[in-house]
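Excluded from the calculations below are hydrogen atoms, water molecules and symmetry mates; all remaining heavy atoms, backbone and side chain alike, are included. The chains referred to below are lettered A, B, ... by the order of the sequence lines, with proteins before strands, and numbering in each begins at 1. The structure presented is a predicted model; accordingly, all values stated were derived computationally and were not measured.
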Protein chains: 2
Amino acid sequence: MSWRKERGRAERGYHHGNLKEALLQAALGLIAEKGPGGFTFADAARMAGVSPAAPYRHFRDRDELLSSIAQRGFEQFEALLTQAWDDGRPDTVTAFERVGKAYLAFARNEPAYYSAMFESGLPVDLNPTLLAASERAFGIIRAAAERLAALAPPGVARPPAMMMALHIWSMSHGVASLFGRGDAARRKLPMSPEDLLEAQVLIYLRGLGFPTDRRPSGPKDPAAPPPVPPAGAPPGAPSGPWGTPK
Amino acid sequence: MSWRKERGRAERGYHHGNLKEALLQAALGLIAEKGPGGFTFADAARMAGVSPAAPYRHFRDRDELLSSIAQRGFEQFEALLTQAWDDGRPDTVTAFERVGKAYLAFARNEPAYYSAMFESGLPVDLNPTLLAASERAFGIIRAAAERLAALAPPGVARPPAMMMALHIWSMSHGVASLFGRGDAARRKLPMSPEDLLEAQVLIYLRGLGFPTDRRPSGPKDPAAPPPVPPAGAPPGAPSGPWGTPK
DNA sequence: CAGCTCATGTAAAAGCCTTTCACATGAGCT
DNA sequence: AGCTCATGTGAAAGGCTTTTACATGAGCTG
């Protein structure tokens, strides 16, 4: 019984009572501090106060535990994005940018989930449940892109909504992966990841013909957005979210 | 000696002759097929035909071998990007897009290097040599962005070159990470990663005021690029690299 | 060419992890 | 009270990592 930690008062008997959940939590903690590769099944068991063989009653193997975590991650991710999108309120562009920020916030606040989802090397495509969860999350981004596309200034060349969604996903994921976490593993940045992503998305949207002068917070998109100013001569001289152009 | 594979003719004696290199190659192969987490020090030794302890004469530990691979990866990456950039010939935008393609090509053709560099969880920031190599590679992108920035239509709000470089890096990395490899671990895409990235970069550049109608391959940027057409009404009606807008 | 020395390998062992299997417990039902 | 099945335990097999003492032989020295 050497593996059994001295547990406070709540002495539990032979049965743990909620081992599966305890293992998930333990794993989450371990992944957060040592990465998806660093976490060990045995460690999680130890942390939950059970023998190294106990986890096998709840997960086929180490990978299945990892998958479960990724699964949960995608679910929470979807919930977060849904909330951020808020069905496009108060206006599509604002909501859209909020989604980008939510993406980064998730990567930063839930590094364990994030790495299980995107950096654990799990074969997402081979796990139907996981794949479905992943696609539901992406679905939010896609829905947002759909709305954005419908709103895009007519007459301007633009990609299908699906492609826009993939673009946004790539940008968010790229920023999050490269600079998004406090890890020592990540690179230093002369600005916040949020600012980096926001500027990027704004430029991208402008490339699609959207007006991107800092909107004065008043709702203004519902029906027809104001005509697009020529890209070469924006109304307010040099300005934008990135300070003065050097 | 059970670990010693039946070696063809070239019977080698007690000393291997080039173990360090052999280990790097072996590891590269293993990483390519099983990911950076799947590779084991012992496997590499076995593959090189030496005892499990032999590698320790050349690498402090497993991580150092991984770092060496990442290091080499960054060097090859830098070389590839340099070549793709070709000092901005024949024109800045064309060369710029070539760099993006080279990024994807590297991720696809050298998945082992790529994952060692970006997905192995190595603390890049804590390894000066590695960090330097990484920054030299990024330096190419930054130099390209620098040139692009100098070329951007004046009068339009635009970010500092450094930020543009980070944007480009993020886009490339995002696309490469999410869709760039044939792995079962990656997602399916309704188009090629190259097309996805190219469209994305073009939209981004248009957002910066660059003309992005498919240039007819003739060099045309050296001094002053043609005036930017209004974003809302491009010269050639709806068109672009992404097919017909639905 | 004998002799030395040091880089490079080997063997063996400790310690940790994963996974399996037979067996123990006890929660819930009859 | 007695059964049964889910949930844990122990023990053991098989790998991997890393360390340590020892073996080899390549290359230099005289």
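- Panel note: side chain B/S115, backbone B/A112; a donor-acceptor pair is recorded below 3.5 Å.
- Between the B/R147 side chain and the B/D87 main chain, a donor and an acceptor come within less than 3.5 Å of each other.
- Here the side chain of A/S67 pairs a donor or acceptor atom with the backbone of A/D63 at under 3.5 angstrom.
- The distance between atom CZ of B/F59 and atom C1' of C/dG9, rounded to the nearest whole Å, is 15 Å.
- Sequence neighbours left out, the pairs with a member in residues 46-73 of chain B that pass ring pair (Phe, Tyr, Trp, His ring centres under 6.0 Å) are B/F41-B/Y56.
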Reading 5' to 3' through nucleotides 14-24 of chain D, protein heavy-atom contacts under 4.0 Å coded B for base, S for sugar-phosphate only, - for none:
--SSBB-BBBB

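- Across the protein-nucleic acid pair, A/K34 atom NZ and C/dC16 atom C1' stand 11 Å apart, rounded to whole Å.
- With a cut-off of 3.5 Å on both pairing distances, the Watson-Crick and G-U wobble pairs of DNA chain C assemble into stems of 3 or more at C:1-30 with D:1-30.
- Scanning for salt bridge (charged side-chain N to carboxylate O under 4.0 Å, His left out) contacts around B/E194 gives B/R108, with sequence neighbours left out.
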Would you sort out whether A/E97 and A/K101 count as a salt bridge (charged side-chain N to carboxylate O under 4.0 Å, His left out), showing the intermediate values?
CA-CA 6 Å; A/E97 281 171 11; A/K101 289 214 173 61; 5.2 Å; no

For residues 22-35 of chain A, which side-chain donor-acceptor pairs fall under 3.5 Å, sequence neighbours excluded?
| unit_1 | atom_1 | unit_2 | atom_2 | d |
| --- | --- | --- | --- | --- |
| A/Q25 | NE2 | A/E21 | OE2 | 3.1 |
| A/K34 | NZ | A/D43 | OD2 | 3.3 |

Scan the side chains in residues 75-83 of chain B for donor-acceptor partners under 3.5 Å anywhere in the protein, sequence neighbours excluded, and list what turns up.
| unit_1 | atom_1 | unit_2 | atom_2 | d |
| --- | --- | --- | --- | --- |
| B/E75 | OE2 | B/Q71 | NE2 | 3.1 |
| B/Q76 | OE1 | B/Y113 | OH | 3.3 |
| B/T82 | OG1 | B/E78 | O | 2.7 |

